[in-house]
There are 2 protein chains.
Amino acid sequence: MSSRAEDTPSPRWGTGKPTINDVARLSGVSKKTVSRVINRSPLLNEDTRKRVLEVISELGYVPNPQARALALRTNFLIGLIHDNPNAQMVLNVQQGILEALQGTDFEMIVRPVDRGSAAMLDDVRHFLQRQRLYGVILLPPISENDALARLCDEAGCRYVRMGSAELDDADHMVASNDREAVRAATAYLIEQGHRSIGLIAGPHGFRSATERRQGFEDALAEARIKLPRSLIAEGNYTFASGLAAAEKLLDLSPRPTAIFASNDEMAAAVVHAARQRGVDVPGQLSVIGFDDTPISAHIWPPLTTVRWPIVSMARSAALKLLSGIGESDSEVAEPSMFLSTLVRRASVAPAPNP
Amino acid sequence: MSSRAEDTPSPRWGTGKPTINDVARLSGVSKKTVSRVINRSPLLNEDTRKRVLEVISELGYVPNPQARALALRTNFLIGLIHDNPNAQMVLNVQQGILEALQGTDFEMIVRPVDRGSAAMLDDVRHFLQRQRLYGVILLPPISENDALARLCDEAGCRYVRMGSAELDDADHMVASNDREAVRAATAYLIEQGHRSIGLIAGPHGFRSATERRQGFEDALAEARIKLPRSLIAEGNYTFASGLAAAEKLLDLSPRPTAIFASNDEMAAAVVHAARQRGVDVPGQLSVIGFDDTPISAHIWPPLTTVRWPIVSMARSAALKLLSGIGESDSEVAEPSMFLSTLVRRASVAPAPNP
DNA sequence: TTGTATGCGTTATCAT
DNA sequence: ATGATAACGCATACAA
């Protein structure tokens with residue numbers, strides 16, 4: 001069937017799109033001048049620029065990204081490197097990045113990695129060196145890996161890390177202040193009269209987990225409430241682990257009257273476990289989560305939770321990467337810190353009278 | 001600070017990675033021969049091939065994708081084009097695609113589009129023409145747009161459409177048989193003694209919606225059960241729309257004893273609405289959803305639902321795109337149809353005695 | 001089976 | 001302010 005020459009796949013695109021040569025010829029200037037127009041060179045005669053621009057739009061010319069990438073030794077791609085946090089978060093981040101890339105020549109390329117794999121760093125190194133990405137955005141928890149950030153730098157690749165606390169200098173970081181947000185959430189429980197409050201912490205080694213835990217402890221310390229170790233259970237941000245942790249806490253006697261779970265999925269598990277054993281939420285147990293993922297509003301009762309502005313953070317991260325590209329006016333520095341807020345729904349009630 | 005020349009951004013990658021020239025020189029052959037080795041040309045002396053391969057691994061040489069893209073007029077990128085279905089689904093698809101791309105030179109590039117936007121087709125056309133993608137995978141519901149598929153073809157871009165029914169010929173499609181799966185799910189409700197079963201249909205114009213509705217009707221017809229129009233409500237696959245539809249059905253008198261919702265999110269809304277008005281699930285109301293998203297297992301009661309093998313489908317779609325690339329042995333045609341299965345959990349019980 | 005010369009579309013150098 | 005010419009790294013036609 002196939003009559004392909006020798007050994008290579010047949011190209012499927014050959015058909016003529018106008019190139020920079022066509023533009024140059026038709027506008028009577030050199031390629032380089034056209035190139036200057038494209039790249040917004042400041043040293044250009046206004047007349048020539050206008051003339052070239054006219055020809056460009058007339059021809060519908062668009063510069064070829066492949067050729068640019070070859071010549072510039074940099075692709076017009078922004079990479080998203082992440083290791084499997086929850087789906088909603090990854091998608092929100094993608095949305096934010098794409099909002100920032102809207103209208104630019106950049107595209108987004110997604111790269112999941114396997115934290116834990118020994119080859120992870122090498123994989124990423126090769127990925128960066130081969131694809132010549134313009135820059136990458138690192139999602140938590142992998143963004144907390146300092147070796148990875150160093151690697152990006154060494155590979156000559158810009159990077160911005162997203163996280164739950166200041167992980168890097170302002171140019172390389174976008175963060176939410178989880179600690180303060182959780183402190184406020186816990187203070188809200190205390191306001192409602194709760195004194196025995198359980199914590200489902202995130203997995204060991206996660207910055208977000210320690211930040212949220214510290215915020216929790218801050219609030220209790222402020223109110224001079226003792227925190228016995230038994231009121232702390234650890235999960236790994238999954239529903240299943242939340243279920244196990246919740247059961248441990250609900251088995252306590254006296255039972256805590258409130259539980260803060262370090263993310264929504266584990267908070268949903270708390271509600272699930274409570275219902276299974278007939279403990280009314282929020283009548284007998286108040287619950288607060290973290291993330292404000294859709295699930296939090298969809299379960300019963302709707303979950304009080306901490307909303308962090310993940311889409312804005314991602315957009316800002318991408319803009320940080322691109323800063324220095326566009327029109328150099330309107331270059332306002334992108335913010336690095338984002339505040340999370342408490343979303344009050346139905347899963348919290350005043351503490352029951354003993 | 002910066003001493004950049006004239007008008008262009010400074011390249012950040014310049015540092016010497018070995019090129020095909022280095023390999024050629026060191027192994028004493030021509031560039032073309034090295035190229036042949038890279039592209040697995042069949043007509044090659046085994047000795048030369050081995051020698052070249054040695055030099056390649058010695059140098060750690062990796063071909064530059066940008067240069068290849070320019071020469072071949074095709075990028076080594078697989079695009080994922082989608083318009084905002086639910087997060088879990090998009091992420092599952094990404095996972096499947098990436099599994100297929102594992103170990104190849106291909107990367108995945110994600111492109112959300114705005115169905116409904118008048119400029120959508122033009123946007124995609126420009127995207128394809130500029131990026132010179134090797135191929136794209138179209139996600140439902142945008143995959144149902146025939147004009148889009150035609151456009152891909154015209155742009156010279158391979159494509160595979162994912163969907164709920166046969167949308168295209170086998171080379172360009174990967175589908176699940178939603179109709180049969182829903183028929184079976186509904187039959188299960190009928191087996192449990194239910195005779196008054198409500199349907200929350202998907203949005204008008206979605207192939208998945210009509211397929212699922214037809215499956216529902218098939219089962220009722222088989223059992224010779226009449227389906228009054230009042231037992232059909234329409235949603236748009238969102239929780240909110242499911243809530244509205246559920247309220248309409250639960251207001252009916254007599255109330256249906258079971259509801260099939262065309263996706264999990266709407267099914268979760270049914271459970272939510274039922275709880276709000278004190279209707280016990282599954283005691284007084286059985287519920288079945290579709291998708292087997294995580295939410296279905298996490299709410300209370302855990303949802304009986306239809307699981308479709310979305311990850312496998314996406315993997316298969318990507319492999320279809322790549323077929324003809326790798327070692328030409330082991331070229332088994334990728335399947336085009338995937339069967340969905342019923343996952344029985346706690347949201348279904350025998351119909352209550354009237 | 002292998003090599004030579006040339007093209008892919010853009011940017012960089014160094015002139016003028 | 002602009003242009004001629006050489007990269008960029010690989011693939012292809014054609015020759016040997």
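Note on naming: letters A, B, ... go to the chains in the order of the sequence lines (proteins, then strands), and numbering restarts at 1 for each one.
- Here A:Thr48 does not reach the OP1 or OP2 of D:dA1: none of its side-chain N or O atoms lies under 4.0 Å away.
- Distances shorter than 4.0 Å separate some side-chain N or O of A:Asn39 from OP1 or OP2 on C:dT11.
- For A:Arg49, the side chain to side chain donor-acceptor pair (under 3.5 Å) test picks out A:Glu46, with sequence neighbours left out.
- Taking B:Asp169 as the reference, B:His172 meet the side chain to side chain donor-acceptor pair (under 3.5 Å) condition, with sequence neighbours excluded.
- Between B:Ser30 and C:dT2, a side-chain N or O to OP1/OP2 separation shorter than 4.0 Å is absent.
- DNA chain C lies under 4.0 Å from no heavy atom of any residue of residues 49-56 of chain B.
- Over its length, the helix from C:dT1-D:dA16 to C:dT16-D:dA1 turns its helix axis by 30°, as judged from the five terminal pairs at each end, rounded to 10°.
- Partners of B:Ser143 according to the side chain to side chain donor-acceptor pair (under 3.5 Å) rule, which considers only residues two or more places apart in sequence or in another chain, do not exist here.
- Every residue meeting the side-chain contact (heavy atoms from CB on, under 4.5 Å) condition with B:Asn145, not counting sequence neighbours, appears here in chain and number order: B:Met120, B:Ala147, B:Leu148.
- With sequence neighbours excluded, no residue forms a side chain to side chain donor-acceptor pair (under 3.5 Å) with B:Asp114.
- A donor and an acceptor atom never sit less than 3.5 Å apart when one is taken from the side chain of B:Arg73 and the other from the base of C:dG7.
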Just list the side-chain donor-acceptor pairs under 3.5 Å for residues 97-109 of chain A, sequence neighbours left out, or say none.
from, atom 1, to, atom 2, distance (Å)
A:Glu99, OE1, A:Arg315, NE, 2.7
A:Glu99, OE1, A:Arg315, NH2, 2.9
A:Glu99, OE2, A:Gln95, NE2, 3.0
A:Thr104, OG1, A:Leu101, O, 2.7
A:Thr104, OG1, A:Phe106, N, 3.0
A:Asp105, OD2, A:Arg68, NH2, 3.1
A:Glu107, OE1, B:Arg111, NH1, 3.1
A:Glu107, OE2, B:Arg111, NH1, 3.2

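- Judged as a salt bridge (charged side-chain N to carboxylate O under 4.0 Å, His left out), and not counting sequence neighbours, the contacts of B:Asp122 are B:Arg125.
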